[in-house]
Amino acid sequence: MGARGADAEGKVTITEIARQAGVSVPTVSRVVNGRSDVSPQTRARVEDLLRRHGYRRRPAAPGARAALLDLVFNDLDSPWAVEIIRGVEEVAHAAGVGTVVSAIHGRSGDAREWMRNLRARASDGVILVTSALDSTLHEELRILGVPLVVVDPAGSPALDAPTIGAANWSGGLAATEHLLSLGHRRIGLIAGPPRLLCSRARLDGYRAALEGAGITPHPSLVVPGDFRPESGFTACTALLDLPEPPTALFAASDQMALGAIEALRRRGLRVPQDMSVVGFDDLPEVRWSAPPLTTIRQPLADMGKLAVRTVLRLTRDEQPASPRVELGTDLVVRASTAPPA
């Protein structure tokens, strides 16, 4: 055997065992360490190779690490990131798995630094809450044998990995149908960034609801935002400056809805008496807003929980039931919507 498959003392390495067994390096490591989360067939195949090569496990150092997952965000400055972390931590803790949280800020240098750290700590799997991972780094993950799952609240990434998202189109439909059911006919939309699939899906749901009610969507009633409160404030101000402002507003994120409510307050307008407002996400703080916000619940914590369960399946060389899972969204009616004055 060449040097590639042996260490400095000529002994076979775990990497070579993994290559011959057709499994990942973390899987061989779990067999070597006697963990139970490996299928019987895989365990037998790996143990046979370990015996044939005379592999001997090194004595464990005091305080040796437990199983470890990397949870990677593009940014950590969004409240929904906290909700995903909460779901991930709940399931990971119950499974005895540690979690390392990182942000790569969409910069290639930060992503490469994260990859170097990942190799150093030998994580068992990666949960990626962003589509901003270039193909080179994705290929490096594949070569390292590190399982990858993508939590995808922002849009479908071009990565060959199991993906967990939410039903954005039906959420946009439900939000708009709720306002229609109250009697509103001139409904504004503060949309998300058009480059993101979730933004386009929520916009399409809004349009479908209007068209289903026999209403032609008017382009002037759709104003783009970036999911942040400031953009909701600016977009709502633009809608209020129209010759005929809307009587109701669907904001494609809770944060934009809160910004819109502040714009209405500064104009001396009341919610919902002068304008109804619906958000999207159901972040914890919106139930305490003034008034409490009607919104579409996006199951962010549940997405994090499912991501951990999925990546742990992959570490056991088990494939997920589906490469793409969309969790349902629900309308949560509170005090920010009412019939038009």
Side-chain angles (χ1 to χ4, degrees), residues 71 73-91 127-131 149-157 162-179 189-209 224-229 231-232 249-261 277-289 292-310 322 324-334 336-337:
L71 176 59
F73 292 85
N74 190 42
D75 288 296
L76 287 170
D77 59 354
S78 171
W80 54 252
V82 177
E83 291 300 295
I84 293 174
I85 292 171
R86 185 166 61 83
V88 167
E89 282 292 312
E90 181 178 327
V91 176
I127 298 171
L128 183 66
V129 194
T130 175
S131 55
V149 173
V150 177
V151 176
D152 178 29
S156 183
T163 306
I164 299 163
N168 289 291
W169 183 88
S170 62
L173 181 79
T176 311
E177 286 184 337
H178 169 64
L179 294 170
L189 170 67
I190 303 178
R195 70 181 185 280
L196 298 180
L197 179 63
C198 69
S199 302
R200 299 197 298 271
R202 294 170 197 178
L203 171 61
D204 288 344
Y206 160 85
R207 287 171 172 163
D226 63 5
F227 292 147
R228 300 173 189 272
S231 69
L249 179 63
F250 167 38
S253 79
D254 284 348
Q255 287 190 293
M256 292 196 300
L258 295 177
I261 289 173
V277 179
V278 179
F280 198 111
D281 284 327
D282 196 24
L283 298 173
E285 58 264 32
V286 301
R287 68 193 67 177
W288 306 110
S289 63
L293 184 66
T294 295
T295 188
I296 299 297
R297 179 179 181 270
Q298 182 173 206
L300 297 166
D302 292 339
M303 291 161 72
K305 293 175 185 178
L306 181 57
V308 176
R309 297 187 185 108
T310 303
S322 172
R324 168 76 184 184
V325 176
E326 283 196 352
L327 301 184
T329 51
D330 300 296
L331 175 69
V332 181
V333 178
R334 297 193 180 100
S336 67
T337 50

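For reference, positions follow the sequence shown, starting with 1.
Residues S199 and P193 form a side-chain contact, since some pair of their non-hydrogen atoms from C-beta on lies under 4.5 Å apart. In this structure the side chain of P292 never reaches within 4.5 angstrom of the side chain of V286, judged on heavy atoms. The shortest distance between side-chain heavy atoms of Q298 and M303 falls below 4.5 Å. The shortest distance between side-chain heavy atoms of V129 and N74 does not fall below 4.5 Å. Within the 4.5 Å cutoff, the side chain of L283 has heavy atoms near those of the W80 side chain.
Side chain of N168 to backbone of A166: a donor-acceptor contact under 3.5 angstrom is found. With hydrogens and angles disregarded, no donor-acceptor distance shorter than 3.5 Å links the side chain of R297 to the backbone of D330. The closest donor-acceptor contact from the side chain of S253 to the backbone of F280 lies at 3.5 Å or more, if one exists at all.
D254 and T295 share a side-chain donor-acceptor pair at under 3.5 Å. Counted by atom type alone, T294 and H178 present zero donor-acceptor pairs between their side chains at under 3.5 Å.
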- May I have the step-by-step check of side-chain contact (heavy atoms from CB on, under 4.5 Å) for L128 and F73, ending in yes or no? CA-CA 6 Å; L128 183 66; F73 292 85; over 6 Å; no
- Task: Test L331 against I296 for side-chain contact (heavy atoms from CB on, under 4.5 Å), laying out the working first.
- Result: CA-CA 5 Å; L331 175 69; I296 299 297; 3.8 Å; yes
- Given I164 and V150, is the side-chain contact (heavy atoms from CB on, under 4.5 Å) satisfied, shown in steps? CA-CA 6 Å; I164 299 163; V150 177; over 6 Å; no
- Task: Before giving the answer on side-chain contact (heavy atoms from CB on, under 4.5 Å), spell out for L293 and I261 the whole-Å C-alpha distance, their side-chain angles and the decisive distance to 0.1 Å.
- Result: CA-CA 10 Å; L293 184 66; I261 289 173; 4.1 Å; yes
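R287 CZ to D282 CG: the interatomic distance, rounded to the nearest 0.5 Å, is 6.0 Å. Residue K305 holds its NZ atom at 12.5 Å from CD of E89, rounded to the nearest 0.5 Å.
Nearest approach of R228 to M256, heavy atoms of both residues: O-CG, 3.4 Å. Shortest non-hydrogen contact noted between F227 and G192 is CE2-CA, 3.5 Å. Contact record, G232 with I190: O-CD1, 3.6 Å, taken as the closest heavy-atom pair. Across every non-hydrogen atom of L258 and S289, the tightest pair is CD2-CB, 3.8 Å. Residues A257 and G279 approach most closely at CB-CA, 3.9 Å, considering heavy atoms. Residue A167 comes nearest to G328 through the heavy atom pair CB-CA, 4.4 Å, listed as atom of the first residue, atom of the second, then distance.
Under a 4.0 Å N-O distance rule, the pair R324/E326 qualifies as a salt bridge.
Heavy atoms of other residues, nucleotides or ligands lying less than 6.0 angstrom from CZ of R334 number more than 12.
When each of T310, D302, V308 is tested with L306 by the rule side chain to side chain contact (heavy atoms under 4.5 Å, CB included), just one qualifies, namely T310. When each of L203, T176, V277 is checked for a side chain to side chain contact (heavy atoms under 4.5 Å, CB included) with F250, only T176 meets the rule.
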